[in-house]
Amino acid sequence: MSSLRRRYATATAHLQAPFAIVDLTALRDNAADLVRRAGGTPIRVASKSVRCRALLREVLAFPGFSGIMAYTLPEALWLATDPESADIATDILVAYPTVDTDAIARLAATPEAAAKITLMVDSVHHLDLITAAAPDPAAPIRVCLDIDTSWQPLGRAVRIGAYRSPIRTPQQAVALARAIVRRPQLHLDGIMAYEAQIAGVGDAPPGRPLYGAVLRWVQQQSRRELAHRRAAIVNAVQDITELRFVNGGGTGSLHTTSRDPAVTEVAAGSGLYQPRLFDHYRSVNRRPAALFALPVVRRPAPGVATVLGGGYLASGTPDPSRLPQPYLPAGLRFSATEGAGEVQTPLLGAAADTLAVGDLVWMRHAKAGELCEHFTHLHLVEGNRVTATVPTYRGEGKAFL
């Protein structure tokens with residue numbers, strides 16, 4: 001048995017699987033590495049990748065982290081107003097546009113929250129919706145202009161990057177900025193430009209060196225193009241109104257985005273837990289911090305151990321990279337005909353013969369915060385013991401998406 005597997009087994013011997021843990025030593029090491037890579041640029045922690053208020057508090061106490069990037073307005077309102085988190089949730093950027101008019105009205109009616117929360121917009125339609133739900137100019141709603149960062153070397157014929165904002169040029173950004181400042185119910189607070197094709201795509205795919213080289217060239221070209229366009233957009237908008245922040249980057253691009261003079265803050269979250277999808281970055285060298293344990297419930301054949309549950313698939317393009325990873329003991333793999341199942345998962349390989357009914361298999365989720373949608377609590381491990389058990393968002397009865 002590996003020393004890491006032995007340590008986790010000792011720490012959690014009193015728990016009944018399935019359960020999830022976070023290795024606090026690994027989490028803190030990962031946070032320190034993110035800060036190092038950000039090079040002094042403040043990091044806004046992405047709550048969708050954490051989904052646990054106790055761990056948001058842990059991360060925000062770490063020098064170098066400042067502010068939260070939420071994923072829905074109801075989540076932001078909860079963080080900003082609930083006594084358990086109001087003291088740490090003092091600057092929340094909602095990373096995606098909202099059409100929840102009830103939540104917008106609650107935001108406008110809650111000065112405590114309105115002073116902390118910034119909404120995302122990329123269209124006049126968003127402005128119309130917000131001002132209809134929050135029409136009082138005496139309490140303006142803070143908004144952030146989202147910018148399309150995709151690389152389009154041949155115009156619309158080739159698009160490399162996520163489908164996000166329609167705002168791409170300085171002229172488009174200025175037009176929307178002017179529409180914002182003409183409305184007394186709104187205040188333009190900042191700009192966000194998240195380069196998903198750089199921050200969220202590993203540049204060292206295993207076993208594909210040629211593809212990796214092409215990918216790195218594409219990312220480099222995209223980075224250069226975006227640096228010029230982002231600077232032009234920021235300068236043009238700042239001629240209209242002063243901006244409090246310009247946000248960019250993600251776990252995979254902190255070391256480059258933080259060096260962009262136009263960027264005042266970066267965002268990261270996945271690198272704290274180090275899920276499976278973030279293993280294949282040359283710039284990322286961290287320890288998995290979030291794991292889940294499944295019990296072996298059958299030994300149906302030699303070389304096969306079947307665990308309870310396991311079908312915790314990650315969002316995104318449906319392919320094998322979205323499956324969880326059998327992590328400890330090493331050497332296990334999924335059955336090609338069954339994969340990760342809803343109620344049971346057969347795992348194959350020589351390591352299966354070292355497992356008995358009742359033993360644990362440690363798994364890694366492909367993405368970060370989505371793990372917390374399957375567990376009500378996280379057991380925090382330090383050394384050879386569990387030092388705390390804390391609720392996830394789900395454990396607190398919250399399901400924002």
Side-chain angles (χ1 to χ4, degrees), residues 41 44 69 73 93-99 104 117-135 137 140-201 218-250 253 256-267:
T41 301
R44 188 181 289 272
M69 179 175 281
L73 178 54
L93 173 62
V94 181
Y96 304 89
T98 181
V99 294
I104 295 169
I117 295 172
T118 302
L119 303 185
M120 193 62 60
V121 299
D122 63 33
S123 163
V124 171
H125 297 296
H126 294 144
L127 310 187
D128 292 341
L129 187 145
I130 295 169
T131 53
I141 301 298
R142 303 192 304 182
V143 298
C144 175
L145 204 164
D146 195 5
I147 302 299
D148 173 38
T149 66
S150 66
W151 186 42
Q152 300 181 18
L154 300 177
R156 294 184 179 180
V158 176
R159 179 191 185 94
I160 299 172
Y163 283 97
R164 292 176 68 96
S165 169
I167 305 301
R168 180 170 181 81
T169 67
Q171 294 77 16
Q172 291 172 320
V174 164
L176 188 56
R178 291 191 188 281
I180 294 169
V181 299
R182 283 197 298 265
R183 301 177 187 230
Q185 305 96 326
L186 302 176
H187 171 72
L188 182 53
D189 200 25
I191 286 176
M192 185 176 81
Y194 169 60
E195 54 272 34
Q197 71 276 15
I198 304 171
V201 180
V218 167
Q219 290 178 330
Q220 182 183 56
Q221 300 306 308
S222 176
R223 188 181 301 117
R224 289 174 176 171
E225 184 274 335
L226 178 59
H228 291 293
R229 184 158 53 89
R230 180 160 47 197
I233 289 171
V234 170
N235 289 337
V237 172
Q238 285 185 323
D239 285 341
I240 298 170
T241 187
E242 183 177 355
L243 298 172
R244 183 170 67 94
F245 65 87
V246 176
N247 180 280
S253 68
T256 55
T257 306
S258 60
R259 297 201 297 265
D260 187 330
V263 172
T264 66
E265 64 174 42
V266 289

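Numbering of residues begins at 1 and proceeds along the displayed sequence.
Side-chain contact check for Leu145 versus Leu243: every heavy-atom pair is 4.5 Å or farther apart. The closest side-chain heavy-atom distance from Gln219 to Thr256 is not below 4.5 Å. Between Asp146 and Ile167, the closest side-chain pair of non-hydrogen atoms is not below 4.5 Å. Counting only heavy atoms from C-beta outward, the side chains of His126 and Met120 never approach each other to under 4.5 Å. Looking only at side-chain heavy atoms (C-beta outward), Arg164 and Thr149 stay at 4.5 Å or farther from each other.
With rounding to the nearest 0.5 Å, the separation of CD in Glu265 from CZ in Arg44 is 4.0 Å. Going from atom CG of Leu73 over to atom CD1 of Ile104 covers 6.5 Å, rounded to the nearest 0.5 Å. With rounding to the nearest 0.5 angstrom, the NE2 atom of His187 is 11.5 Å from the CD1 atom of Ile141. In this structure, CG in Leu226 is found 6.5 Å from CD1 in Ile198, a value given to the nearest 0.5 Å. Thr264 OG1 to Ile191 CD1: the interatomic distance, rounded to the nearest 0.5 Å, is 10.0 Å. With rounding to the nearest 0.5 angstrom, the CH2 atom of Trp151 is 10.5 Å from the CZ atom of Arg224.
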**Message:** Assess the residue pair Ile160 and Gln221 against the criterion (side chain to side chain contact (heavy atoms under 4.5 Å, CB included)); give the C-alpha distance rounded to whole Å, side-chain angles, the decisive distance to 0.1 Å, and a yes or no.
**Reply:** CA-CA 11 Å; Ile160 299 172; Gln221 300 306 308; over 6 Å; no
**Request:** Let me see the working for Gln185 and Ile130 under side chain to side chain contact (heavy atoms under 4.5 Å, CB included), right down to the final yes or no.
**Result:** CA-CA 9 Å; Gln185 305 96 326; Ile130 295 169; over 6 Å; no
**Asked** Could you go step by step and tell me if Arg230 and Val234 meet the side chain to side chain contact (heavy atoms under 4.5 Å, CB included) rule?
**Response** CA-CA 6 Å; Arg230 180 160 47 197; Val234 170; 4.3 Å; yes
**Request:** Start with the C-alpha gap between Leu188 and Leu186, add the side-chain angles, then the distance that decides, and say whether side chain to side chain contact (heavy atoms under 4.5 Å, CB included) holds.
**Result:** CA-CA 7 Å; Leu188 182 53; Leu186 302 176; over 6 Å; no
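Residues Ala177 and Ile240 share a closest heavy-atom pair of CB-CD1, 4.0 Å. Considering all non-hydrogen atoms of both residues, Val237 and Ala173 come closest at CG2-CB, 4.0 Å. Closest approach of Ser150 and Arg159 over heavy atoms only: OG-CZ, 3.6 Å. Considering every non-hydrogen atom in both Pro166 and Gln172, the closest pair reads O-OE1, 3.6 Å. Closest heavy-atom contact between Ala162 and Asp148: O-OD1, 4.1 Å. Between Ala179 and Leu127 the shortest heavy-atom distance is CB-CD1, 3.8 Å.
Between the side chain of Ser253 and the backbone N or O of Gly249 there is no donor-acceptor pair closer than 3.5 Å. Remark: the backbone N or O of Gly190 is not paired with any side-chain donor or acceptor of Arg142 at under 3.5 angstrom.
Every residue meeting the side-chain hydrogen bond (donor to acceptor under 3.5 Å, both in side chains) condition with Arg244, not counting sequence neighbours, appears here in chain and number order: Asp91, Asp189. Listed by chain and residue number, Asp128 satisfy the salt bridge (charged side-chain N to carboxylate O under 4.0 Å, His left out) test with Arg183 (two or more places apart in sequence, or in another chain).
Side-chain contact, Thr257 with Glu195: a donor N or O sits under 3.5 Å from an acceptor N or O.
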